[in-house]
Amino acid sequence: MDKEFIETCMSKRTKEIEPSVIEITNPIVIENLANSHNTLSNYFLNGAKSIVNTDTPLLAILLGYFSMEQKTYQLLAKKGLKVTSHVCGIMGLSRVINRKYLATALSKAYDNRLEVNYLGNIKTIETDKIRAETFIDKTVVPFINEVNQILKQSQ
(Lines give C-alpha, C1' and ligand atoms only; values in the text may rest on other atoms or scores of the structure.)
Protein backbone atom coordinates (compact mmCIF):
# COMPACT_ATOMS: atom_id res chain seq x y z
CA MET A 1 0.00 0.00 0.00
CA ASP A 2 1.29 3.42 -0.82
CA LYS A 3 1.14 6.59 1.25
CA GLU A 4 -1.61 8.25 -0.79
CA PHE A 5 -3.89 5.21 -0.46
CA ILE A 6 -3.34 5.07 3.30
CA GLU A 7 -3.94 8.80 3.73
CA THR A 8 -6.96 8.90 1.46
CA CYS A 9 -8.66 5.68 2.37
CA MET A 10 -7.42 4.47 5.72
CA SER A 11 -6.91 7.62 7.78
CA LYS A 12 -9.49 9.46 9.84
CA ARG A 13 -10.49 12.72 8.27
CA THR A 14 -12.40 15.73 9.39
CA LYS A 15 -14.75 16.90 6.70
CA GLU A 16 -17.50 19.47 6.74
CA ILE A 17 -20.68 17.89 5.45
CA GLU A 18 -23.73 19.77 4.25
CA PRO A 19 -26.99 19.03 6.06
CA SER A 20 -28.99 16.09 4.72
CA VAL A 21 -32.22 18.08 4.94
CA ILE A 22 -32.67 21.61 3.71
CA GLU A 23 -35.82 23.63 4.24
CA ILE A 24 -37.33 25.12 1.10
CA THR A 25 -40.08 27.71 0.96
CA ASN A 26 -40.44 28.66 -2.69
CA PRO A 27 -43.66 26.95 -3.90
CA ILE A 28 -42.31 26.49 -7.42
CA VAL A 29 -39.13 24.83 -6.13
CA ILE A 30 -41.22 22.63 -3.83
CA GLU A 31 -43.49 21.54 -6.67
CA ASN A 32 -40.60 20.90 -9.08
CA LEU A 33 -38.71 18.89 -6.48
CA ALA A 34 -41.79 16.85 -5.56
CA ASN A 35 -42.51 16.17 -9.24
CA SER A 36 -38.91 15.11 -9.83
CA HIS A 37 -39.05 12.63 -6.94
CA ASN A 38 -42.39 11.30 -8.19
CA THR A 39 -40.93 10.76 -11.66
CA LEU A 40 -37.93 8.92 -10.20
CA SER A 41 -40.17 6.81 -7.98
CA ASN A 42 -42.24 5.74 -10.98
CA TYR A 43 -39.11 5.12 -13.02
CA PHE A 44 -37.59 2.84 -10.38
CA LEU A 45 -40.89 1.02 -9.83
CA ASN A 46 -41.29 0.37 -13.56
CA GLY A 47 -37.70 -0.86 -13.68
CA ALA A 48 -38.30 -3.16 -10.71
CA LYS A 49 -41.41 -4.64 -12.30
CA SER A 50 -39.71 -5.17 -15.63
CA ILE A 51 -36.59 -6.84 -14.23
CA VAL A 52 -38.38 -9.43 -12.08
CA ASN A 53 -38.77 -11.86 -14.97
CA THR A 54 -35.14 -11.79 -16.04
CA ASP A 55 -32.15 -13.80 -14.91
CA THR A 56 -31.32 -11.03 -12.38
CA PRO A 57 -34.58 -10.72 -10.41
CA LEU A 58 -33.02 -9.59 -7.12
CA LEU A 59 -32.12 -6.31 -8.76
CA ALA A 60 -35.85 -5.60 -8.54
CA ILE A 61 -35.45 -5.34 -4.76
CA LEU A 62 -32.84 -2.61 -5.20
CA LEU A 63 -35.00 -0.71 -7.65
CA GLY A 64 -38.11 -1.24 -5.53
CA TYR A 65 -36.38 0.23 -2.51
CA PHE A 66 -35.23 3.24 -4.53
CA SER A 67 -38.81 3.73 -5.69
CA MET A 68 -39.96 3.83 -2.05
CA GLU A 69 -37.13 6.19 -1.11
CA GLN A 70 -37.99 8.63 -3.90
CA LYS A 71 -41.67 8.51 -2.94
CA THR A 72 -40.64 9.38 0.62
CA TYR A 73 -38.60 12.32 -0.66
CA GLN A 74 -41.61 13.48 -2.70
CA LEU A 75 -43.79 13.49 0.41
CA LEU A 76 -41.19 15.37 2.43
CA ALA A 77 -40.65 17.84 -0.43
CA LYS A 78 -44.35 18.68 -0.23
CA LYS A 79 -43.65 19.61 3.40
CA GLY A 80 -40.88 21.98 2.26
CA LEU A 81 -37.94 19.66 2.89
CA LYS A 82 -35.24 18.66 0.44
CA VAL A 83 -33.87 15.34 1.73
CA THR A 84 -30.68 13.66 0.53
CA SER A 85 -30.26 10.87 3.09
CA HIS A 86 -32.17 7.63 3.52
CA VAL A 87 -31.78 7.90 7.30
CA CYS A 88 -33.34 11.36 7.31
CA GLY A 89 -36.07 10.14 4.96
CA ILE A 90 -36.96 7.38 7.41
CA MET A 91 -36.86 9.80 10.34
CA GLY A 92 -38.95 12.29 8.36
CA LEU A 93 -41.70 9.73 7.79
CA SER A 94 -41.85 9.07 11.51
CA ARG A 95 -41.29 12.55 12.93
CA VAL A 96 -42.47 15.00 10.29
CA ILE A 97 -45.22 13.02 8.57
CA ASN A 98 -46.12 11.16 11.79
CA ARG A 99 -46.36 7.79 10.08
CA LYS A 100 -44.09 5.48 12.09
CA TYR A 101 -45.43 2.42 10.25
CA LEU A 102 -44.20 3.88 6.95
CA ALA A 103 -40.81 4.60 8.50
CA THR A 104 -40.66 1.01 9.69
CA ALA A 105 -41.64 -0.29 6.23
CA LEU A 106 -38.97 1.82 4.55
CA SER A 107 -36.38 0.74 7.10
CA LYS A 108 -37.19 -2.94 6.53
CA ALA A 109 -37.05 -2.40 2.77
CA TYR A 110 -33.64 -0.81 3.25
CA ASP A 111 -32.49 -3.92 5.11
CA ASN A 112 -33.67 -6.04 2.16
CA ARG A 113 -31.80 -3.76 -0.23
CA LEU A 114 -28.61 -4.06 1.83
CA GLU A 115 -28.90 -7.82 1.94
CA VAL A 116 -29.12 -8.00 -1.84
CA ASN A 117 -26.57 -5.23 -2.35
CA TYR A 118 -23.85 -6.60 -0.10
CA LEU A 119 -24.58 -10.22 0.73
CA GLY A 120 -26.18 -11.29 -2.49
CA ASN A 121 -28.01 -14.18 -0.87
CA ILE A 122 -28.72 -15.49 -4.34
CA LYS A 123 -30.59 -18.80 -4.47
CA THR A 124 -32.10 -20.01 -7.73
CA ILE A 125 -33.61 -17.75 -10.35
CA GLU A 126 -37.11 -19.08 -9.61
CA THR A 127 -36.74 -18.60 -5.84
CA ASP A 128 -35.30 -15.13 -6.38
CA LYS A 129 -38.16 -14.21 -8.73
CA ILE A 130 -40.68 -15.18 -6.06
CA ARG A 131 -38.78 -13.17 -3.46
CA ALA A 132 -38.58 -10.13 -5.75
CA GLU A 133 -42.25 -10.35 -6.80
CA THR A 134 -43.32 -10.67 -3.18
CA PHE A 135 -41.18 -7.66 -2.21
CA ILE A 136 -42.72 -5.54 -4.95
CA ASP A 137 -46.31 -6.70 -4.36
CA LYS A 138 -46.31 -6.78 -0.55
CA THR A 139 -43.85 -3.99 0.32
CA VAL A 140 -43.21 -1.52 -2.49
CA VAL A 141 -46.63 -1.12 -4.10
CA PRO A 142 -48.58 -0.83 -0.81
CA PHE A 143 -46.05 1.73 0.48
CA ILE A 144 -46.33 3.83 -2.67
CA ASN A 145 -50.14 3.58 -2.64
CA GLU A 146 -50.21 4.72 0.99
CA VAL A 147 -47.93 7.69 0.32
CA ASN A 148 -50.05 8.61 -2.71
CA GLN A 149 -53.13 8.60 -0.45
CA ILE A 150 -51.38 10.91 2.02
CA LEU A 151 -50.35 13.21 -0.83
CA LYS A 152 -53.89 13.24 -2.20
CA GLN A 153 -55.38 14.04 1.23
CA SER A 154 -52.96 16.92 1.77
CA GLN A 155 -53.93 18.74 -1.44
Side-chain angles (χ1 to χ4, degrees), residues 8-9 12-54 56-122 128-155:
T8 303
C9 303
K12 287 188 177 186
R13 295 177 280 158
T14 303
K15 180 178 169 184
E16 190 171 313
I17 300 172
E18 293 295 317
S20 296
V21 178
I22 299 169
E23 214 168 346
I24 48 177
T25 56
N26 182 317
I28 294 169
V29 173
I30 289 170
E31 197 59 33
N32 287 341
L33 183 60
N35 287 340
S36 176
H37 287 305
N38 184 50
T39 299
L40 283 170
S41 177
N42 291 334
Y43 184 82
F44 287 127
L45 180 59
N46 288 335
K49 288 178 177 179
S50 69
I51 205 163
V52 166
N53 291 312
T54 68
T56 57
L58 290 182
L59 291 177
I61 291 175
L62 301 177
L63 295 174
Y65 168 77
F66 292 136
S67 177
M68 293 170 71
E69 182 179 53
Q70 290 297 322
K71 188 53 78 170
T72 297
Y73 294 168
Q74 177 190 3
L75 183 57
L76 291 166
K78 287 291 201 169
K79 294 288 187 182
L81 301 172
K82 180 180 179 181
V83 182
T84 59
S85 154
H86 72 273
V87 171
C88 293
I90 291 167
M91 289 176 70
L93 285 172
S94 180
R95 298 175 185 175
V96 175
I97 307 300
N98 296 316
R99 299 296 200 290
K100 188 172 174 82
Y101 65 96
L102 288 176
T104 300
L106 186 59
S107 182
K108 286 180 182 176
Y110 179 74
D111 291 343
N112 272 279
R113 188 215 113 185
L114 286 181
E115 183 182 326
V116 170
N117 212 137
Y118 296 107
L119 301 178
N121 217 2
I122 297 169
D128 292 344
K129 281 181 184 181
I130 293 167
R131 178 179 174 197
E133 285 173 344
T134 301
F135 181 77
I136 291 168
D137 294 342
K138 303 281 187 208
T139 301
V140 179
V141 171
F143 180 93
I144 288 172
N145 288 341
E146 179 71 18
V147 172
N148 282 337
Q149 282 298 102
I150 293 167
L151 287 163
K152 192 175 182 180
Q153 292 168 359
S154 66
Q155 288 180 344

All side-chain hydrogen bond (donor to acceptor under 3.5 Å, both in side chains) counterparts of T72, not counting sequence neighbours: none
What is the ring orientation for Y73 with H37, classed by angle as parallel under 30°, tilted 30 to 60°, or perpendicular over 60°? perpendicular
Is the shortest heavy-atom distance from the side chain of E115 to the side chain of Y110 under 4.5 Å? no
What residue pairs, at least two apart or across chains, pass salt bridge (charged side-chain N to carboxylate O under 4.0 Å, His left out) with a residue in residues 56-67? none
Residues in salt bridge (Lys or Arg N to Asp or Glu O under 4.0 Å) contact with K82, at least two apart in sequence or another chain: none
Determine which pairs satisfy salt bridge (charged side-chain N to carboxylate O under 4.0 Å, His left out) with at least one residue from residues 40-51, sequence neighbours left out, and list them in order. none
When rounded to the nearest 0.5 angstrom, what is the spacing between CD1 in I144 and CG in N38? 9.0 Å
What distance do L40 atom CG and N35 atom CG have between them, rounded to the nearest 0.5 Å? 11.0 Å
Tell me the closest heavy-atom pair linking I136 and P142, and the distance in Å. O-CD, 4.1 Å
Distance (rounded to the nearest 0.5 Å) between N46 CG and I51 CD1: 12.5 Å
Please determine whether side chain to side chain contact (heavy atoms under 4.5 Å, CB included) holds for the pair V96 and L75, giving the CA-CA distance in whole Å, both sets of side-chain angles, and the decisive distance to 0.1 Å. CA-CA 10 Å; V96 175; L75 183 57; over 6 Å; no
Correct closest heavy-atom pair for L63 and G47 would be CD1-C, 3.6 Å
Please list all pairs passing the salt bridge (charged side-chain N to carboxylate O under 4.0 Å, His left out) test where one or both residues lie in residues 57-74, with sequence neighbours left out. none
With rounding to the nearest 0.5 angstrom, report the CG to CD1 distance, L93 to I150. 8.0 Å
Find the distance between CD1 (I130) and CG (D137) and round it off to the nearest 0.5 Å. 12.0 Å
Closest non-hydrogen atom pair between L45 and S67, with its separation: CB-OG, 3.4 Å
Acceptor/donor pairs from residues 17-34 side chains to any protein atom, 3.5 angstrom cut, sequence neighbours excluded:
residue	atom	partner	partner atom	Å
N26	OD1	I28	N	2.8
N26	OD1	V29	N	3.3
E31	OE1	K78	NZ	2.8
E31	OE2	K78	NZ	3.3
N32	ND2	I28	O	3.4

For Y101, check side chain to side chain contact (heavy atoms under 4.5 Å, CB included) against everything at least two apart and list the hits. R99, E146
So which heavy atom on P57 is nearest to which on D128, and how close? CG-CB, 3.6 Å
Pairs meeting criterion salt bridge (charged side-chain N to carboxylate O under 4.0 Å, His left out) with involvement of residues 32-46, two or more places apart: none
For S50, enumerate each residue passing the side chain to side chain contact (heavy atoms under 4.5 Å, CB included) test, keeping only those at least two apart in sequence or located in another chain. none
Side chain to side chain contact (heavy atoms under 4.5 Å, CB included) partners of N98, counting only residues at least two apart: none
How long is the gap from CD1 on I61 to CD on E133, to the nearest 0.5 Å? 11.0 Å
Quick one: closest heavy-atom pair of V52 and A132, and the distance? CG2-CB, 4.2 Å
When you measure from the side chain of S107 to the backbone of A103, do you find a donor-acceptor pair of N or O atoms at a distance under 3.5 Å? no
Only counting residues at least two apart or in another chain, list the ones meeting side-chain hydrogen bond (donor to acceptor under 3.5 Å, both in side chains) with T56. T54
Please determine which of I97, L102, L106 meets the side-chain contact (heavy atoms from CB on, under 4.5 Å) test together with V147. L102
Could you pull out all residues at least two apart from A109 that satisfy side chain to side chain contact (heavy atoms under 4.5 Å, CB included)? Y65, M68, F135, T139
